[in-house]
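First the structure, in the form of structure tokens, and then the observations on it.
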Protein chains: 2
Amino acid sequence: MSILFSRQCEYAIQGVLYLALKPEGEMTSIKELTKRLDIPYHFLGKILQRLAAKGLLMSLKGPTGGFALTKRAKDITLFDIVEAVDGSAFTKNCVLGFPECSGKNPCAVHNTWGRMRDEIYEMLVSKNISDMAKEMKKPEYRVAG
Amino acid sequence: MSILFSRQCEYAIQGVLYLALKPEGEMTSIKELTKRLDIPYHFLGKILQRLAAKGLLMSLKGPTGGFALTKRAKDITLFDIVEAVDGSAFTKNCVLGFPECSGKNPCAVHNTWGRMRDEIYEMLVSKNISDMAKEMKKPEYRVAG
DNA sequence: TCATATTCAGATTTTTCTATCCGAATTTAA
DNA sequence: TTAAATTCGGATAGAAAAATCTGAATATGA
């Protein structure tokens with residue numbers, strides 16, 4: 001079970017991190033991505049199409065075609081990806097599910113969770129994709145096979 | 001979309017918080033609960049049955065029947081409920097979804113998220129249901145209608 | 001005893017998310 | 001020009017979660 005993000009969103013993050021290690025402008029095919037990461041082919045295709053539609057990725061058909069980042073990896077944050085795929089519901093909704101929870105009518109963990117939510121948000125915007133990908137020793141070999 | 005917990009779990013928490021305001025030993029029917037909280041009748045029934053099976057609640061059939069806490073509200077934490085319904089997957093899995101993420105092979109937010117996860121856990125075990133329910137001005141009237 | 005109000009158990013439906021399939025459009029390179 | 005490799009678009013299937021339905025069992029009180 002996914003924790004904070006939908007599975008789609010996790011796949012999107014993993015894919016973009018992989019793309020971030022590529023030389024700028026080089027195209028990467030879904031085929032290569034799904035071979036290295038452990039993600040179903042057609043599902044990842046859909047996800048990358050969505051990211052392309054949102055302007056995060058560019059795409060090219062034909063042999064030598066594939067996907068690439070539209071911006072430099074330095075200028076992309078985790079939050080950009082999460083927002084594009086899952087939206088920003090987690091910044092708004094009550095963590096206990098009370099529909100009317102708010103500052104004036106707080107649930108019992110409203111303030112505590114508020115601080116944590118801010119920390120999570122900070123985590124998502126603070127690091128860029130380029131640094132993150134390099135930080136992980138071998139993001140592309142994470143999955144055995 | 002729910003954030004950290006499944007919808008079932010959110011409903012369970014809301015229900016138990018409501019029960020915590022009742023005099024010790026008093027039975028509360030699903031009917032009353034679903035009238036005050038905004039939760040589908042039969043779904044809540046299933047959830048309370050599960051909590052009863054796990055030993056958190058007791059139940060009684062017939063008129064004047066219903067559900068009640070088995071322990072004093074002071075001795076129940078949010079974590080007790082979350083664990084009973086959602087299990088403890090969120091304490092284990094990688095937040096970015098990398099299947100092989102671990103201390104030796106960490107993803108780019110492994111340590112940061114680890115700290116946050118611990119804080120969340122701390123939040124779940126630190127407060128008891130009794131204090132929480134009282135803290136909220138009127139947990140039972142949260143939902144308009 | 002009997003009508004009523006409840007929980008209980010299991011099956012079923014609905015909705016949402018995940019994943020797959022297929023054929024068309026596009027691009028490359030021989 | 002043609003074969004091959006890719007993305008694209010839309011439909012479909014499958015799985016999981018959420019919600020509903022139905023009838024049985026049980027308890028209450030008149």
Side-chain angles (χ1 to χ4, degrees), chain A residues 1-15 19 22 25-35 37-70 82 85-87 89-90 93 97 99, chain B residues 1-15 19 26-35 37-70 82 85-87 89-90 93 97 99:
Chain A
M1 180 192 162
S2 57
I3 306 181
L4 213 50
F5 311 123
S6 69
R7 183 156 308 174
Q8 266 192 73
C9 188
E10 293 178 352
Y11 289 164
I13 293 169
Q14 294 177 21
L19 292 179
K22 291 282 178 170
E26 182 175 323
M27 289 302 190
T28 307
S29 69
I30 302 175
K31 200 172 165 189
E32 177 181 344
L33 283 159
T34 57
K35 195 184 291 178
L37 310 165
D38 192 23
I39 305 178
Y41 184 88
H42 293 94
F43 197 27
L44 183 59
K46 290 295 180 202
I47 295 168
L48 297 186
Q49 280 174 36
R50 167 174 299 191
L51 291 179
K54 293 264 183 179
L56 266 110
L57 301 181
M58 56 173 302
S59 65
L60 213 65
K61 292 181 185 176
T64 78
F67 293 86
L69 305 178
T70 49
V82 171
V85 179
D86 278 354
F90 92 96
N93 300 159
Chain B
M1 178 190 163
S2 56
I3 306 181
L4 213 49
F5 312 124
S6 69
R7 185 160 305 175
Q8 265 193 73
C9 189
E10 293 178 351
Y11 290 164
I13 294 168
Q14 295 176 20
L19 293 180
E26 181 174 324
M27 289 303 192
T28 307
S29 68
I30 302 174
K31 200 172 165 188
E32 177 181 344
L33 282 159
T34 56
K35 194 184 291 177
L37 310 165
D38 191 24
I39 304 178
Y41 184 88
H42 292 94
F43 197 27
L44 183 59
K46 289 296 179 199
I47 295 167
L48 298 186
Q49 279 174 35
R50 167 175 298 193
L51 291 179
K54 295 264 182 179
L56 266 111
L57 301 182
M58 55 174 301
S59 65
L60 212 65
K61 292 180 184 177
T64 79
F67 293 87
L69 305 178
T70 50
V82 172
V85 180
D86 277 354
F90 91 96
N93 301 157

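Side-chain atoms are counted along with the backbone in the values below, which use heavy atoms only and exclude waters and symmetry mates. Below, chains carry the letters A, B, ... as their sequence lines are ordered, and counting in each starts from 1. Given the structure is predicted, the values throughout are model-derived calculations rather than measurements.
If A:G62 and A:H42 are placed on DNA chain C by their nearest nucleotide, the residue sitting closer to the 5' end is A:H42. Mapping B:P63 and B:Y11 onto DNA chain D via the closest heavy atom, the residue that lands nearer the 5' end is B:Y11. Ranked by how close their nearest DNA chain C nucleotide is to the 5' end, A:G65 and A:K46 are led by A:K46.
A donor and an acceptor atom never sit less than 3.5 Å apart when one is taken from the side chain of A:K61 and the other from the base of C:dA24.
Among the heavy atoms of the strands, none lies under 4.0 Å from B:L48. Among the atoms of the strands shown, base atoms are found under 4.0 Å from some heavy atom of B:Y41. Residue A:G45 is classed as having no contact, given no heavy-atom separation below 4.0 Å to the nucleic acid.
Residue A:S59 places at least one side-chain N or O closer than 4.0 Å to OP1 or OP2 of D:dC8. Contact annotation: A:Q8 side-chain N/O to C:dT18 OP1/OP2 distance is under 4.0 Å. For B:Q49, no side-chain nitrogen or oxygen approaches OP1 or OP2 of C:dT7 to under 4.0 Å. For the pair A:R7 and C:dA19, the criterion of a side-chain N or O lying under 4.0 Å from OP1 or OP2 is met.
Atom CG in A:L60 sits roughly 13 Å away from atom C1' in C:dA25 (whole-Å rounding). Here the C1' atom of nucleotide C:dT7 and the CZ atom of B:R50 are 17 Å apart, to the nearest Å. Atom pair A:E10:CD and C:dA19:C1' shows a separation of 15 Å (rounding to whole Å applied). Here C:dT12 presents its C1' atom at 15 Å from CZ of B:F43, a figure rounded to the nearest Å. Going from atom CD1 of B:I30 over to atom P of C:dA9 covers 12 Å, rounded to whole Å. Atoms NZ (A:K31) and C1' (D:dA5) sit 8 Å apart, rounded to a whole Å. Regarding A:I47, its CD1 atom lies at a distance of 16 Å from the P atom of D:dG9, rounded to whole Å. Here C:dC17 presents its C1' atom at 16 Å from CG of A:L44, a figure rounded to the nearest Å.
B:L4 is listed as a side-chain neighbour of A:L4, based on a closest heavy-atom distance under 4.5 Å. A 4.5 Å side-chain heavy-atom check between B:Q49 and B:K46 finds at least one atom pair inside the cut-off. At least one side-chain heavy atom of A:L19 sits under 4.5 Å from a side-chain heavy atom of A:L57. In this structure, the side chains of A:Q14 and A:I39 come closer than 4.5 Å at one or more pairs of heavy atoms.
What you find for A:D86 and A:S6 is that their closest heavy atoms are OD1-OG, 2.7 Å.
Here D:dA18 is the nucleotide among D:dG29, D:dA18, C:dT28 with the atom lying nearest to any side-chain atom of B:S6.
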